[in-house]
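Please read the structure below before turning to the comments.
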Amino acid sequence: MSICFNGFKVELSANTFTAYVQDMPDNRGLRALREQLQPEWFLHWRAGKVYGIPKVNVSQLTQSFGKPVELKCDEHLQLLARISHKPKKNRGQKLPKCLLHMNFSSFKHDPQ
């Protein structure tokens with residue numbers, strides 16, 4: 001799958017990725033949830049739902065969050081762009097599989 005982030009063509013290695021989803025109609029509680037789960041989870045709120053991507057391998061998680069859902073990359077570009085632009089220390093070691101083969105040299109902030 002090919003998409004453009006900030007005008008740069010990016011080839012994704014998959015059409016879908018797994019995220020964990022939890023309902024949160026109002027995002028006022030997001031800051032507290034991020035502080036609670038920060039060491040292990042990258043969280044993103046959109047339209048009444050919080051999407052979580054583990055920063056570590058699932059087997060290493062000590063805090064659970066949401067239910068696993070397979071998401072289509074082209075329907076969640078904002079989430080993918082947001083996590084791909086985070087420095088490694090803020091997003092953890094793990095990226096969704098669809099982002100693993102991306103060439104980050106053209107991005108403003110190299111996540112490596």
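Model, not experiment: these values are computed from the prediction. Nothing fancy with the numbering, it's 1 onward along the sequence.
- Expressed to the nearest 0.5 Å, how far CG of N27 lies from CG of L43 amounts to 12.5 Å.
- Nearest heavy atom pair, residue A14 against residue C73, reads O-SG, 3.6 Å.
- Closest heavy-atom contact between A19 and I53: CB-CG1, 4.3 Å.
- The shortest distance between side-chain heavy atoms of R46 and H76 does not fall below 4.5 Å.
- One finds the CD atom of E40 at 5.0 Å from the CD atom of Q63 (value rounded to the nearest 0.5 Å).
- Annotation: side-chain hydrogen bond (donor to acceptor under 3.5 Å, both in side chains) contacts of K72 (sequence neighbours excluded): none.
- Under the 3.5 Å distance criterion, the side-chain polar atoms of D26 are matched with a main-chain donor or acceptor of R28.
- Atom CZ of F65 is separated from atom CZ of F42 by 11.5 Å, given to the nearest 0.5 angstrom.
- Of the inter-residue distances, the one linking H44 atom NE2 with Q78 atom CD reads 4.0 Å to the nearest 0.5 angstrom.
- Counting heavy atoms from C-beta outward, D23 and V50 have side chains that stay 4.5 Å or more apart.
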For side chain to side chain contact (heavy atoms under 4.5 Å, CB included), just list the numbers for Y51 and V69, CA-CA rounded to whole Å, side-chain angles, deciding distance to a tenth of an Å, and then say yes or no. CA-CA 9 Å; Y51 298 89; V69 177; over 6 Å; no
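- Using bins of under 30°, 30° to 60° and over 60° for the plane-to-plane angle, the ring pair W41/Y20 lands in the perpendicular bin.
- With rounding to the nearest 0.5 angstrom, the CG atom of L71 is 13.0 Å from the CG atom of N15.
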